[in-house]
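Working notes, structure below.
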Amino acid sequence: MGDKHVVRFEPVGIEIEVDEDQTILRAAAEQGVMLMHGCKEGQCASCKSFVLDGEDIDLDRYSTFALPDYELDEGYTLLCRAHAFEDLTIELLNYDEDMIRSGLPIQERTAEVVAITPVTHDLRHLVLKLSEPGELKFFPGQYVDISVPDTEATRSFSMANTSSRESGQLEFVIKVYPGGMFSEFLDQRLRVGDRLDLTGPFGVFTLRDNPDARLVFLGGGAGMAPILALLRSMAERGIDRPTTFYYGSRTQLDLCFEEELRELEQRLPRFRYVPALSEEEWDGESGLITDVVRRLEPSLTGADAYVCGPPPMVEAAIPLLERLGVVTKHIYYDKFTTTGDAGDSEVLEAGSR
Ligand SMILES: Cc1cc2nc3c(=O)[nH]c(=O)nc-3n(C[C@H](O)[C@H](O)[C@H](O)COP(=O)(O)OP(=O)(O)OC[C@H]3O[C@@H](n4cnc5c(N)ncnc54)[C@H](O)[C@@H]3O)c2cc1C
Ligand code: FES
């Protein structure tokens with residue numbers, strides 16, 4: 001443990017105490033303050049903020065794509081990499097007033113593997129049961145960091161279920177990458193009865209209370225997990241807003257949870273599930289998911305949009321949604337950035353200002 005310093009966030013006026021050994025983002029999460037973030041690894045820039053007061057900050061490894069040198073010189077920082085060595089005042093550039101104060105403090109927990117089931121050739125449905133205490137409070141759409149056994153590494157995975165209160169379980173949909181540190185381990189070595197350590201919940205991919213707004217979900221691959229959680233929670237809570245879920249896959253073999261999604265259409269009469277295939281002609285929608293949305297949606301003015309999946313899909317979807325009339329701050333997204341991709345970025349060893 002290092003010395004502690006006070007970090008104040010503006011314009012929200014929230015103060016937290018930060019140990020020198022932890023990042024500002026981590027300290028905030030531990031104190032239930034939900035700041036905007038994505039990768040937590042200095043790669044995506046979602047946590048970029050401006051230092052209004054104070055200078056003594058050290059940064060862990062980060063990508064200069066996320067924080068170019070000129071921005072560092074101007075006073076920007078990455079909260080997921082920043083350690084405070086004096087009291088600081090930080091201006092949040094990107095925050096969600098509804099979410100920032102509703103955070104649940106993160107917890108470290110152990111869980112036992114209950115099931116690992118293939119839902120497609122490369123997606124696995126992982127079910128964990130929490131060891132005592134058998135509940136972890138989280139909002140549907142949030143994620144946890146799972147430790148990769150026998151390493152220092154963690155990987156983020158979104159819960160597909162809505163609550164662990166009754167079952168004590170956490171459900172995930174995980175894509176298997178050949179050579180993927182966690183996902184290949186999951187596919188080839190992890191067994192029912194094994195234990196995993198996890199930390200969470202994190203994330204702001206949660207349903208905002210905006211009852212009059214139409215909902216549009218865009219997902220691809222394992223991006224199914226948090227969107228399924230949101231839809232399941234809407235069904236449980238009887239939230240029947242006009243909702244469309246566009247789900248992008250390559251072929252019919254990549255589609256999953258079809259039966260449940262069709263059942264959700266029955267339970268939520270104003271919900272429509274639209275799968276689209278990019279590499280196969282069939283009697284449903286064909287093309288990239290963004291092309292399908294462009295074709296079927298002349299206007300999305302007034303809608304709330306939720307986008308989740310591989311970074312290229314999310315990056316293509318955001319400007320499209322803006323062009324179709326969705327207000328930028330009503331586009332909520334989780335980019336499934338991967339640690340293994342870090343080699344593609346220009347990475348500094350460390351930085352400070
Ligand atoms: C907020 C958040 C939530 C997430 N939720 C989920 C989730 O619910 N389900 C899920 O499956 N994943 C999710 N991810 C991604 C997940 O955390 C891992 O990054 C992913 O599973 C790969 O980890 P790995 O250890 O298997 O592969 P790594 O060891 O990290 O990667 C090894 C290699 O695999 C290849 N690879 C890995 N990912 C990709 C990719 N996207 N595209 C192309 N090649 C790739 C690359 O060659 C890479 O170098 C989430 C990520 C974030 C940031
Ligand atoms: S969360 Fe900080 S750069 Fe991605």
Side-chain angles (χ1 to χ4, degrees), residues 23-26 28-29 34-49 59-68 71-72 76-82 92-94 119-120 122-126 128 141-149 151-161 170-190 198-206 219-229 256 307-315 332-345 347-348 351:
T23 65
I24 297 174
L25 185 76
R26 172 78 188 204
M34 272 211 237
L35 302 177
M36 287 298 199
H37 67 275
C39 65
K40 302 203 295 300
E41 306 226 334
Q43 292 181 47
C44 72
S46 304
C47 66
K48 194 185 291 177
S49 301
L59 293 170
D60 296 332
R61 269 166 62 96
Y62 65 94
S63 159
T64 48
F65 289 122
L67 182 67
E71 287 193 349
L72 183 72
Y76 291 91
T77 195
L78 298 175
L79 297 181
C80 71
R81 303 275 91 185
L92 299 174
L93 304 179
N94 197 3
V119 286
T120 69
D122 65 357
L123 291 180
R124 303 288 174 267
H125 184 211
L126 171 69
L128 301 180
Q142 288 194 296
Y143 68 92
V144 292
D145 283 351
I146 299 183
S147 301
V148 185
T151 74
E152 296 287 298
T154 62
R155 295 291 185 263
S156 306
F157 295 105
S158 308
M159 276 72 77
N161 60 325
L170 301 176
E171 280 182 52
F172 305 90
V173 181
I174 296 182
K175 176 164 174 166
V176 177
Y177 293 100
M181 191 192 272
F182 182 80
S183 62
E184 193 177 80
F185 168 82
L186 161 81
D187 194 42
Q188 298 189 1
R189 291 175 37 212
L190 193 65
L198 55 91
T199 310
F202 298 99
V204 292
F205 194 79
T206 57
M224 170 64 78
I227 295 178
L228 193 56
C256 55
V307 189
C308 190
M313 190 213 86
V314 176
E315 279 150 23
Y332 310 103
Y333 59 89
D334 256 357
K335 272 189 216 175
F336 284 3
T337 45
T338 56
T339 309
D341 293 343
D344 299 341
S345 317
V347 174
L348 293 182

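As the structure lists them, so they are numbered: ligands from 1, and atoms in each ligand from 1.
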(message) Taking the side chain as everything from C-beta on, heavy atoms only, tell me whether Met36 gets closer than 4.5 Å to Leu93.
(response) no
(message) So, 4.0 Å and heavy atoms of Lys335: is ligand 1 close enough to count as a contact?
(response) yes
(message) Checking the N or O distance criterion of under 3.5 Å, is ligand 1 in contact with Arg155?
(response) yes
(request) Please state whether Tyr143 comes within less than 4.0 angstrom of ligand 1, counting heavy atoms only. (result) yes
(request) Evaluate the side-chain proximity of Thr206 to Met34: yes if any heavy-atom separation is below 4.5 Å, no if none is. (result) no
(request) Report the protein N/O/S neighbours of atom 4 (Fe) of ligand 2 that fall below 2.8 Å; do not count waters. (result) Cys39 SG, Cys44 SG
(message) Is the contact between Phe157 and ligand 1 made by the side chain, the backbone, both, or neither, using heavy atoms and a 4.0 Å cut-off?
(response) both
(message) Can you list everything that forms a salt bridge (charged side-chain N to carboxylate O under 4.0 Å, His left out) with Arg26? Sequence neighbours excluded, please.
(response) Glu30, Glu108
(message) Could you measure the distance from the OG1 atom of Thr337 to the CD atom of Gln43? Nearest 0.5 Å is fine.
(response) 6.5 Å
(message) If the cut-off is 4.0 Å to any non-hydrogen atom of Ile174, which atoms of ligand 1 fall inside it?
(response) 11 (O)
(message) Under a 4.0 angstrom heavy-atom cut-off, which atoms of ligand 1 come close to Thr337?
(response) 19 (O), 51 (C), 53 (C)
(request) Using a 4.5 Å cut-off on heavy atoms from C-beta on, say whether the side chain of Lys40 contacts that of Leu25. (result) yes
(message) Do Val314 and Phe336 have side chains that approach each other closer than 4.5 Å (heavy atoms only, starting at C-beta)?
(response) no
(request) Determine whether Lys48 and Asn94 make a side-chain contact, defined as any pair of heavy atoms from C-beta on separated by less than 4.5 Å. (result) no
(request) Return yes when atom OH of Tyr333 has more than 12 non-hydrogen atoms of other residues, nucleotides or ligands closer than 6.0 Å, and no otherwise. (result) no
(message) Using modelled atom types and a 3.5 Å cut-off, is there a donor and acceptor pairing between side-chain atoms of Lys335 and backbone atoms of Cys39?
(response) no
(message) Using a 4.0 Å cutoff against the non-hydrogen atoms of Gly180, which atoms of ligand 1 qualify?
(response) 24 (P), 25 (O), 26 (O), 27 (O), 28 (P), 29 (O), 32 (C)
(request) Please say whether Phe182 places an N or O atom under 3.5 Å from an N or O atom belonging to ligand 1. (result) yes
(request) Would you mind listing which atoms of ligand 1 come within a distance below 4.0 Å of any non-hydrogen atom of Met181? (result) 24 (P), 25 (O), 26 (O), 27 (O), 28 (P), 29 (O)
(request) For Ala222, take its heavy atoms, then give the atoms of ligand 1 lying under 4.0 Å from any of them. (result) 9 (N), 10 (C), 11 (O)
(request) Could you tell me the separation between the CG atom of Leu35 and the OG atom of Ser49, rounded to the nearest 0.5 Å? (result) 7.5 Å
(request) Have a look at Phe336, Tyr177, Phe172 and point out the one with the heavy atom closest to atom 40 (C) of ligand 1. (result) Tyr177
(message) Once ring pair (Phe, Tyr, Trp, His ring centres under 6.0 Å) is applied, do any residues pair with Phe202, and if so which ones, sequence neighbours excluded?
(response) Tyr143
(request) For atom 26 (O) of ligand 1, state which one of Ser183, Pro310, Ser158 supplies the nearest heavy atom. (result) Ser183
(request) Not counting sequence neighbours, which residues clear salt bridge (charged side-chain N to carboxylate O under 4.0 Å, His left out) with Asp122? List them please. (result) Lys175, Arg250
(message) Residue-level breakdown please: for Val148 versus ligand 1, do any non-hydrogen atoms fall below 4.0 Å on the side chain, on the backbone, on both, or on neither?
(response) neither
